[in-house]
Amino acid sequence: MSTRKVTAREAAYKELRHRIVSLKLPPGSPLSENELAEHLSVSRTPVRESLILLAEEGLVQVFPQLGTFVSRVDTDKVADAQFVREAIEIASLKDAVAARTDDDIAALRENLARQSEPDLSMDDFFELDETFHQTLLSAGGHSAAWRSVESAKAHLDRARRLGLRDTRPIPELIAQHTAIADAVENADFDAAERAMRDHLRAVFDDVERIKEASPHLFSDSNERPTRRVISSW
């Protein structure tokens, strides 16, 4: 059975989206088609097509006579994505508490142990965080719902990564994850729900702290974008 070859546009889009969501291209960064094409080793056409797709997602913004930039974080879109995520994860959590198996609990505990490994990078922790939540959805029999969560949360993910980088100590997040896992293992839905809501809503406190320190990262900033050399590669 043959595997479909990934097109240049698909590869460029995936890489640029990853770099935007992971903050390797921070909010407000200028985007030059020529420079991006050189970095990605592709022609300008797939880069241009990728930027159009990213603009439709609200991750790229075009300013006439000024240029194309990574969009700043939109707090309304963060709130919308968090609402979708919380609704899905809480609904699934009730089923996870009722149906979780020993294997599910073992997977959560293994994930938590890896989260506590010394010298863990932010990217590695973020990936483990995603896996932790996917495991909970799977325990509730709703693993396919992760696609709905993922498609809605690009702005949310940028806010979460800003929180990890600037305001939220990783041990605090591990403690929140542990409280959720403990409640699931003890079949205590009320405690699991409280812990999950507190965990997911912490992003709003992070956003307020980051906005106070770095308002230019957010879409309601009055600061005009400026052209700079791309340096986050």
Side-chain angles (χ1 to χ4, degrees), residues 6-63 66-75 77-78 81-82 85 114-115 117 119-134 149-170 173 203 206-207 209-211 213-219 221 223-233:
V6 176
T7 66
R9 185 186 72 177
E10 289 170 333
Y13 165 79
K14 183 177 180 180
E15 180 63 19
L16 288 174
R17 191 180 192 278
H18 168 72
R19 289 186 175 275
I20 291 171
V21 173
S22 67
L23 305 180
K24 290 179 173 65
L25 287 170
S29 297
L31 299 171
S32 160
E33 288 185 10
N34 287 333
E35 292 176 13
L36 291 172
E38 181 180 352
H39 281 300
L40 297 172
S41 299
V42 297
S43 69
R44 289 180 58 186
T45 299
V47 169
R48 185 181 307 114
E49 293 172 343
S50 298
L51 292 176
I52 291 171
L53 294 174
L54 292 165
E56 291 173 353
E57 289 186 64
L59 293 174
V60 165
Q61 193 169 8
V62 179
F63 292 88
L66 191 55
T68 301
F69 297 80
V70 175
S71 68
R72 291 167 174 152
V73 177
D74 187 322
T75 53
K77 290 180 179 177
V78 170
Q82 195 280 337
R85 180 173 190 178
R114 293 180 62 196
Q115 289 179 30
E117 290 177 355
D119 301 322
L120 195 69
S121 71
M122 185 179 75
D123 284 343
D124 288 340
F125 179 83
F126 194 85
E127 184 176 340
L128 287 169
D129 179 282
E130 299 275 277
T131 301
F132 179 85
H133 288 272
Q134 289 179 64
V149 173
E150 195 168 34
S151 66
K153 67 186 185 73
H155 284 267
L156 175 61
D157 281 349
R158 291 202 293 166
R160 291 169 61 216
R161 283 180 177 270
L162 285 170
L164 277 175
R165 189 185 70 183
D166 297 334
T167 69
R168 183 73 55 181
I170 285 180
L173 293 172
V203 68
D206 292 343
V207 164
R209 284 193 290 269
I210 299 164
K211 281 182 69 174
S214 304
H216 61 283
L217 298 175
F218 294 85
S219 60
S221 168
E223 183 177 325
R224 289 278 290 171
T226 57
R227 300 300 304 178
R228 302 186 303 276
V229 175
I230 295 175
S231 59
S232 300
W233 286 83

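We count residues from 1, following the sequence as given.
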| message | side chain to side chain contact (heavy atoms under 4.5 Å, CB included) for Y13 and L51? Distances and angles first, verdict last. | response | CA-CA 7 Å; Y13 165 79; L51 292 176; over 6 Å; no

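- Between the CG atom of L40 and the OG atom of S50 there is a distance of 8.0 Å, given to the nearest 0.5 Å.
- Across all non-hydrogen atoms, the minimal contact from F69 to G28 is CD2-O, 3.4 Å.
- Under the side chain to side chain contact (heavy atoms under 4.5 Å, CB included) test applied with R161, the options D206, L156, D123 reduce to a single match, D123.
- The line from OG of S43 to CD of E33 is 10.0 Å long, rounded to the nearest 0.5 Å.
- Rounding to the nearest 0.5 Å gives a distance of 12.5 Å between CZ of F132 and CD of E130.
- Within the 4.5 Å cutoff, side-chain heavy atoms of R17 are placed close to those of L59.
- If you check the side chains of T7 and E10, you find a donor sitting under 3.5 Å from an acceptor.
- Minimum heavy-atom separation, V207 to A159: CG2-CB, 3.9 Å.
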| field | salt bridge (Lys or Arg N to Asp or Glu O under 4.0 Å) assessment of E35 paired with R44 | value | CA-CA 9 Å; E35 292 176 13; R44 289 180 58 186; over 6 Å; no

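- Between S219 and D74, the shortest heavy-atom contact is OG-CA, 3.4 Å.
- Annotation: R114, atom CZ; neighbour count of heavy atoms from other residues, nucleotides and ligands within 6.0 Å does not exceed 12.
- Considering only heavy atoms from C-beta on, F126 comes within 4.5 Å of D157 through its side chain.
- Side-chain N or O atoms of S29 include one that pairs as donor or acceptor with a backbone N or O of P26 at under 3.5 Å.
- Salt bridge annotation for E15-K24: absent, with no cationic side-chain nitrogen under 4.0 angstrom from a carboxylate oxygen.
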| request: For side chain to side chain contact (heavy atoms under 4.5 Å, CB included), just list the numbers for I170 and L120, CA-CA rounded to whole Å, side-chain angles, deciding distance to a tenth of an Å, and then say yes or no. | output: CA-CA 10 Å; I170 285 180; L120 195 69; 5.8 Å; no

| task | Give the intermediate values and the outcome of side chain to side chain contact (heavy atoms under 4.5 Å, CB included) for residues K153 and Q82. | result | CA-CA 7 Å; K153 67 186 185 73; Q82 195 280 337; over 6 Å; no

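- Atom CG of L217 sits about 8.0 Å away from atom CD1 of I210, to the nearest 0.5 Å.
- Panel note: side chain R72, backbone H216; a donor-acceptor pair is recorded below 3.5 Å.
- S22 contributes atom OG, which lies 7.0 Å from atom CZ of R19 (distance to the nearest 0.5 angstrom).
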| task | Please step through side chain to side chain contact (heavy atoms under 4.5 Å, CB included) for the pair H155 and R158, ending with a clear verdict. | result | CA-CA 5 Å; H155 284 267; R158 291 202 293 166; 3.5 Å; yes

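- The two residues L36 and L31 have their closest heavy-atom pair at CD1-CB, 4.0 Å.
- From Q134, atom CD reaches atom CD of E127 across 9.5 Å, with rounding to the nearest 0.5 Å.
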